[in-house]
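Read the structure below first, then the notes.
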Amino acid sequence: MDGPHEVVIIGAGFGGVGMAITLKRAGVEDVVVLERAESLGGTWRDNTYPGAACDVPSHLYSFSFAPKTDWSRRFPPQREILGYLEDTARKHGVLSHIRFGADVRGARFDEHAAVWRVDTSAGEVAARVLVSACGQLNRPVVPAIEGSAEFQGTAFHSARWDHRADLRGKRVAVIGTGASAVQIVPSLAGRVARLDLYQRTPPYVITKADRAYRLWERTLLGAFPGVHTLSRAKTYAQYEARALGFVVNPKLMGFMRGRFLRRLAEQVPDAELRRKLVPDYPMGCKRVLISDDYYPALTRPDVDLVTDPIARVTEHGVVTEDGTERPADVIIYATGFAATDFLAPMRIEGRDGRELSEEWRHGAQAHLGITVAGFPNLFLLYGPYTNLGHNSIIYMLESQFRYVSACVRAMRRHGLASIEVRPRVQERFVRAMRKRLSGSVWESGCTSWYQTADGTVVNNWPGFTFAYRRATRRPDPRHFRVRRAA
């Protein structure tokens, strides 16, 4: 057995890298990061499809403790984000803490020893504190469509892009119209012979206003750090204001919907196509997407928006319920992720043999989205109730880094073998979340990846991010059951 180490982190994406850096800066050096892949990066390593980019401005989609002033664009592309994360891990000495090729299959809390015994493909690792930094968007979902196994062409999920496939001159079917498809379709249109986009529900797509930074701007940002800080603060305030429509007064989204409809009319002259692109649910209920070239791509003569439901896949194409078969050489599933499963498929066993997926069978629950009753010394990053619809998840992660780091330091300072959030504290927090979410735009009448199968929203934070920062400013000792080391 390897360990026990003071802290073991699962995942080397933004959450895992940032958590390791925060712990090291706090003087906690015995940190191990377990990463199933052979390189770091998480979602920005996995999603390499054409056009992949962030929908949060670059100055805000970066760690506050690791500013980058030479971003090439206002909205950073995938490759540049991945490079930033790799550089940050290197500069802060985290690379030596990462064990690549260590796929975590499960973890069991040993109550007698007060350690987590982590089962990995590279052997067992023991940890006094276990931190999950797996994120919410790491398990691609491919729908079970009749006949899909019989398809003779090339098929793959957008998060597992097959770069060996040459799409030039091919007939391509893109299934799904979420955030990935909005970037993929404009990148492929004009490069492929034919593109059929299969839409179940139209998204709201608003302007992106992306552009390249000029040389003088990057020079100014690099020479005067205060300018970068001001830009970050301004961007934060602009995006934070959107929470007013998402959680304070959803009626405010009506103004944004009006702007959306006017822009759609400008970009899509054809009335019938435009009708297919207007959502029938309140704006914000599903994720609002950004793009300047998605709608123009759909007006191309070699692109067809298909709204008839898919009945089956054949050896050579896709058949819709009206009986029409459209030939395809390539099928791309832009169908999202199993976002509400969180730590699955890992088997996590806590105190008294309780199993996390069973505890969460009616929806994931965690106090502040970080700690779970019955699972001592376990902390979650980007857990339930911490996703956002309006601002940068990096800001939320940094709040969690500080909270977890404070818990680890308190355990060290007070000689604690374990700490565990009290059930009534978790229950009180979950009740508050349910009450606030019930009045949010996310529960206004649609189906989204924010919800469990029964329609319960468990992913999103129903408030301002600065309120979450305040709530996680420091752990409250009264919230925890503690056990002192022998």
TODO: May I ask you to decide whether Glu427 forms a salt bridge with Arg424, counting only side-chain N to carboxylate O separations under 4.0 Å?
DONE: no
TODO: Check whether any side-chain heavy atom of Phe246 sits under 4.5 Å from a side-chain heavy atom of Trp442, and report yes or no.
DONE: yes
TODO: Say whether, by atom type as modelled, one donor and one acceptor occur between the side chain of Gln400 and the main chain of Tyr382 under 3.5 angstrom.
DONE: yes
Open item on the list: Tell me if a side-chain donor or acceptor on Trp116 pairs with a main-chain N or O of Pro376 at a distance below 3.5 Å.
Closed with: yes
Task: Trp161 ring center within less than 6.0 Å of Phe156 ring center - done: yes
- [ ] Assign the ring pair Phe401 / Phe65 to parallel, tilted or perpendicular, where the plane angle (0 to 90°) is split at 30° and 60°.
- [x] tilted
Open item on the list: Run the ring-ring contact (aromatic ring centres under 6.0 Å, His included) test on Tyr385 and Trp461 for me, step by step, so that the C-alpha distance in whole Å, both residues' side-chain angles and the decisive distance to 0.1 Å come before the verdict.
Closed with: CA-CA 5 Å; Tyr385 308 115; Trp461 171 249; 8.6 Å; no
- [ ] Return yes if some donor-acceptor pair links the side-chain N/O of Asn138 with the main-chain N/O of Cys134 below 3.5 Å, else return no.
- [x] yes
TODO: Please list, chain by chain and in numerical order, all residues satisfying salt bridge (Lys or Arg N to Asp or Glu O under 4.0 Å) with Arg232, sequence neighbours excluded.
DONE: none
TODO: Output yes when Glu111 and Arg351 qualify as a salt bridge under the 4.0 Å nitrogen-oxygen rule, no when they do not.
DONE: no
Task: Arg483 with Glu420: basic N within carboxylate O range, under 4.0 Å - done: no
TODO: Look at Arg105 together with Asp103 and state whether they make a salt bridge at an N to O cut-off of under 4.0 Å.
DONE: no
Task: Pairwise side-chain contact, Thr22 with Phe63, heavy-atom cut-off 4.5 Å (strictly under) - done: no
- [ ] State, with a plain yes or no, whether a side-chain heavy atom of Lys286 is found less than 4.5 Å away from one of Thr201.
- [x] yes
Open item on the list: Determine whether Gln78 and Asn47 satisfy the following criterion, side chain to side chain donor-acceptor pair (under 3.5 Å), listing intermediate values before the conclusion.
Closed with: CA-CA 8 Å; Gln78 171 266 335; Asn47 288 269; over 6 Å; no
Task: Distance, nearest 0.5 Å, that separates CZ of Arg90 from CG of Leu85 - done: 10.5 Å
Open item on the list: Closer than 4.0 angstrom, basic N to acidic O: yes or no for Arg287 and Asp55?
Closed with: yes
Open item on the list: Check Arg434 with Glu443, please: is the shortest side-chain N to carboxylate O separation under 4.0 Å?
Closed with: yes
Open item on the list: Set out, in order, the CA-CA distance, both residues' side-chain angles and the distance that settles side chain to side chain donor-acceptor pair (under 3.5 Å) for Ser72 and Glu80, then state yes or no.
Closed with: CA-CA 8 Å; Ser72 65; Glu80 196 168 359; 2.5 Å; yes
Open item on the list: For Asp70, is there an ion pair with Arg218 - N to carboxylate O distance below 4.0 angstrom?
Closed with: no
Task: Pairwise side-chain contact, Ile10 with Val131, heavy-atom cut-off 4.5 Å (strictly under) - done: no
Open item on the list: Using the rule side chain to side chain contact (heavy atoms under 4.5 Å, CB included), only one of Ile348, Leu343, Val421, Leu356 pairs with Val372; which is it?
Closed with: Leu356
TODO: Would you check if the side chain of Thr452 reaches a backbone N or O of Gly363 as a donor-acceptor pair within less than 3.5 Å?
DONE: no
Task: Heavy-atom closest contact (Thr154 atom, Ala165 atom, distance) - done: CG2-CB, 4.2 Å
TODO: Give a yes or no on whether the backbone of Arg478 and the side-chain of Asp476 come within a donor-acceptor separation of less than 3.5 Å.
DONE: yes
Task: Donor-acceptor pair, side chain of Thr335 and main chain of Val141, under 3.5 angstrom - done: yes
Open item on the list: Can you tell me how the ring of Phe464 sits relative to the ring of Phe466, calling it parallel under 30°, perpendicular over 60° and tilted otherwise?
Closed with: parallel
- [ ] With the side chain counted from C-beta on, respond yes when Ile394 and Leu60 share a heavy-atom pair under 4.5 Å apart, and no when they do not.
- [x] no
- [ ] Dump the intermediate steps for ring-ring contact (aromatic ring centres under 6.0 Å, His included) on Trp71 and Tyr213, then the final yes or no.
- [x] CA-CA 7 Å; Trp71 292 102; Tyr213 282 117; 9.1 Å; no
TODO: Give a yes or no on this: more than 12 heavy atoms of other residues, nucleotides or ligands lie within 6.0 Å of atom CZ of Arg413.
DONE: yes
Task: Val32 vs Ile9 side-chain heavy atoms within contact, under 4.5 Å - done: no
- [ ] Please determine, by modelled atom types, if Thr465 and Tyr236 share a side-chain donor-acceptor pair under 3.5 angstrom.
- [x] yes
TODO: For Glu349 and Arg347, run salt bridge (Lys or Arg N to Asp or Glu O under 4.0 Å): C-alpha distance rounded to whole Å, both residues' side-chain angles, the deciding distance at 0.1 Å, then the answer.
DONE: CA-CA 6 Å; Glu349 297 180 36; Arg347 180 178 176 85; 3.0 Å; yes
Open item on the list: On a heavy-atom basis, which atom in Tyr198 and which in Thr177 lie closest, and how many Å separate them?
Closed with: O-CG2, 4.1 Å
- [ ] Answer yes or no: is there a side-chain heavy-atom contact under 4.5 Å between Leu381 and Met19?
- [x] yes
Task: Trace of the ring-ring contact (aromatic ring centres under 6.0 Å, His included) decision for His390 with Tyr239 - done: CA-CA 6 Å; His390 68 284; Tyr239 274 67; 8.8 Å; no
Task: Validation row, ring centre Tyr204 to ring centre Tyr281 under 6.0 Å - done: yes
TODO: State whether Tyr395 and Arg469 meet the cation-pi test: NZ (Lys) or CZ (Arg) under 6.0 Å from the six-membered ring centroid, and within 45° of the perpendicular axis.
DONE: yes
TODO: Step by step, work out the salt bridge (Lys or Arg N to Asp or Glu O under 4.0 Å) result for Glu29 and Lys24.
DONE: CA-CA 5 Å; Glu29 287 290 339; Lys24 284 173 62 67; 3.1 Å; yes
Open item on the list: Taking atom CZ as the centre, does Arg160 end up with more than 12 heavy-atom neighbours from other residues, nucleotides or ligands that are less than 6.0 angstrom away?
Closed with: yes
Open item on the list: Are the side chains of Leu130 and Phe379 in contact, using a 4.5 Å heavy-atom criterion?
Closed with: no
Task: Asn377 (side chain) donor-acceptor with Ala417 (main chain) under 3.5 angstrom - done: yes
- [ ] Mark yes or no for whether Arg484, through its side chain, and His414, through its backbone, hold a donor-acceptor pair below 3.5 Å.
- [x] yes
Open item on the list: If the condition is salt bridge (Lys or Arg N to Asp or Glu O under 4.0 Å), which residues does Lys91 pass it with, not counting sequence neighbours?
Closed with: none
- [ ] Could you tell me whether Arg242 and Glu240 have a side-chain N and a carboxylate O separated by less than 4.0 Å?
- [x] no
Open item on the list: For the backbone of Gln365 and the side chain of Trp360, can you confirm whether one donor and one acceptor N or O come within less than 3.5 Å of each other?
Closed with: yes
TODO: Measure from the side-chain N and O atoms of Ser440 to the backbone N and O of Pro462, and report whether any donor-acceptor pair falls under 3.5 Å.
DONE: no
Task: Whether His59 and His228 hold their rings parallel, tilted or perpendicular, with breakpoints at 30° and 60° - done: tilted
- [ ] Over 60° means perpendicular and under 30° means parallel, so classify the ring planes of Tyr403 and Phe480, tilted if in between.
- [x] tilted
Task: Between Gln183 and Ser291: side-chain donor-acceptor atoms closer than 3.5 Å - done: no
Task: Aromatic ring pairing Phe429/His367, orientation class (parallel under 30°, perpendicular over 60°, tilted between) - done: perpendicular
